[in-house]
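Heads up: the structure comes next, in structure tokens.
Residues take their numbers from the sequence shown, with the count starting at 1. All ligand and atom numbering here is 1-based and tracks the order in the structure.
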Amino acid sequence: MSHQRPRFPARLGAGAQGVSPAPAPVVSRKGAPSARSEVRSGPSGATRPAVPRSTGLGLDSAAVRARMVQRLAQGGVRHPAVLAALSAVERHRFVDTALVNQAYEDTSLPIGLGQTISKPSVVARMVELLLDAPLLAAGGRGRVLEIGTGCGYQAAVLAQVVAEVYSIERLRALHEKARANLRPLRLANLHLLFGDGMVGYARGAPYAGIIAAAGGDAVPPAWLEQIAVGGRLVAPCAAADGVQNLVVMERHAGGWTRRMLEPVLFVPLKSGTA
Ligand code: SAH
């Protein structure tokens with residue numbers, strides 16, 4: 001497998017939308033701890049887990065995270081790749097220092113500018129639903145677009161389980177924050193974009209999946225246009241009664257199937273950039 005990044009322009013033509021190839025271009029096999037390195041640690045304990053860079057808070061993040069993953073599994077998360085990804089990605093790196101001790105609770109937390117990092121159980125649920133897309137099930141590792149990078153946590157999780165991730169954020173300050181959070185993880189297959197995700201990201205299309213971390217009243221048509229046959233959309237969307245539900249749409253050769261699942265509470269999908 002090549003770790004070369006696809007060649008994309010440094011900046012898109014229209015407006016403020018631009019591409020920031022996220023973290024360092026090469027996946028390092030040694031050296032700085034990466035999100036992946038923990039997954040490879042042996043059950044015998046012979047291979048030590050990657051030591052998290054000190055948070056200065058004495059948090060034994062690997063053990064606390066393992067308990068979080070155990071609770072998720074007990075709560076019904078089944079997909080081994082999803083559980084492995086949630087074990088590998090250090091959620092405490094993505095939240096403010098004052099919230100670090102809550103990083104492995106199943107709760108959403110503020111990340112600034114009125115936005116939140118999603119609950120781990122919701123991230124797990126949505127990524128599982130995404131991986132059930134025919135193009136991604138059976139080991140297919142396709143391209144995925146995430147709408148709403150926020151602090152970058154879910155993007156890092158996605159980068160563990162699919163081949164390429166494009167993640168777009170409309171708030172510049174959060175886009176920059178995600179870049180800073182993700183840099184040490186050196187995820188060469190994750191590409192951060194600054195722009196309005198309502199229009200998707202046509203240059204990366206077609207996608208095996210689109211996953212949205214912000215919800216509107218309707219699914220933007222561009223998202224559907226950019227999904228391949230056999231691909232899925234997983235997104236919060238308001239129903240007629242105004243209650244937001246998780247919606248899964250799957251593209252078939254002859255059209256779409258649409259399922260409305262449990263109620264959820266996501267920040268609003270907004271147009272434009274700021
Ligand atoms: N996945 C994120 C969750 C962030 S909250 C995480 O793991 O932290 C949802 C994010 O969606 C917010 O940062 C918000 O600014 C962003 N958002 C809302 N509308 C958007 C749009 N049209 N395009 C891109 N991002 C959008």
When you check the side-chain N and O atoms of Y104 and R65, is any donor under 3.5 Å from an acceptor?
-> yes

Can an N or O of D196 be found at a distance shorter than 3.5 Å from an N or O of ligand 1?
-> yes

Closest protein heavy atom (residue, atom, distance) for atom 19 (N) of ligand 1 = K270 N, 3.0 Å

Heavy-atom nearest neighbour in the protein, as seen from atom 25 (N) of ligand 1, with distance rounded to 0.1 Å | R170 N, 3.3 Å

Looking at side-chain heavy atoms only, is the closest gap between R125 and L261 below 4.5 Å?
-> yes

Nearest non-hydrogen protein atom, atom 5 (S) of ligand 1 | T116 O, 3.0 Å

At a 4.0 Å threshold, what atoms of ligand 1 neighbour a non-hydrogen atom of V267?
-> 5 (S), 9 (C)

Per-atom contacts of ligand 1 with L174, taking only distances under 4.0 Å to non-hydrogen atoms | 13 (O)

Can you tell me if E146 uses its side chain to pair, donor with acceptor, with the backbone of I211 under 3.5 Å?
-> no

Is it true that a side-chain atom of D241 and a backbone atom of V243 form a donor plus acceptor pair closer than 3.5 Å?
-> yes

Ligand 1 atoms in contact with M198 (distance to a heavy atom under 4.0 Å) = 22 (N)

To which protein heavy atom is atom 9 (C) of ligand 1 closest, and what is the distance rounded to 0.1 Å?
-> A213 O, 3.2 Å

Per-atom contacts of ligand 1 with I117, taking only distances under 4.0 Å to non-hydrogen atoms = 8 (O)

Check for a donor-acceptor pair, side chain of R179 on one end and backbone N or O of L192 on the other, with a separation under 3.5 Å.
-> no

Under 4.0 Å from one or more heavy atoms of I168, ligand 1 contributes atoms 24 (C), 25 (N)

Hydrophobic cluster membership, W256 vs L135, 4.5 Å side-chain cutoff | no

Quick look: P268 vs ligand 1, heavy-atom contacts under 4.0 Å, and the answer is backbone

Look at the aromatic rings of Y153 and F94 and report parallel, tilted or perpendicular, splitting at 30° and 60°.
-> perpendicular

In this structure, atom 23 (N) of ligand 1 is nearest to the protein heavy atom G197 N, 2.7 Å

Name the orientation class of the two ring planes belonging to F194 and H175 (parallel below 30°, tilted from 30 to 60°, perpendicular beyond 60°).
-> tilted

Which of the atoms of ligand 1 are close to T149, meaning less than 4.0 Å from one of its heavy atoms?
-> 1 (N), 2 (C), 6 (C), 8 (O)

For ligand 1, which atoms have a heavy atom of E146 less than 4.0 angstrom away?
-> 1 (N)

Can you tell me which residue and heavy atom of the protein come closest to atom 12 (C) of ligand 1, and the distance to 0.1 Å?
-> Q115 OE1, 3.2 Å

Do the side chain of R258 and the main chain of V248 share a donor and acceptor less than 3.5 angstrom apart?
-> no

Top protein contact for atom 11 (O) of ligand 1, by heavy-atom distance = G148 CA, 3.2 Å

Linking I/L/V/M/F/W/Y whenever their side-chain heavy atoms sit closer than 4.5 Å, directly or via other members, would V229 and V162 fall into one cluster?
-> no

Can you hop from V234 to V267 via hydrophobic side chains spaced under 4.5 Å?
-> no

Main-chain N/O of V82 paired with E128 side-chain donor or acceptor, under 3.5 Å | no

Is there a heavy atom of G272 sitting under 4.0 angstrom from any atom of ligand 1?
-> no

Tell me which protein heavy atom sits closest to atom 16 (C) of ligand 1, plus the residue, atom name and distance to 0.1 Å.
-> E169 OE1, 3.4 Å

Heavy-atom contacts with L171 under 4.0 Å: which atoms of ligand 1 show up? List them by number with element.
-> 15 (O)

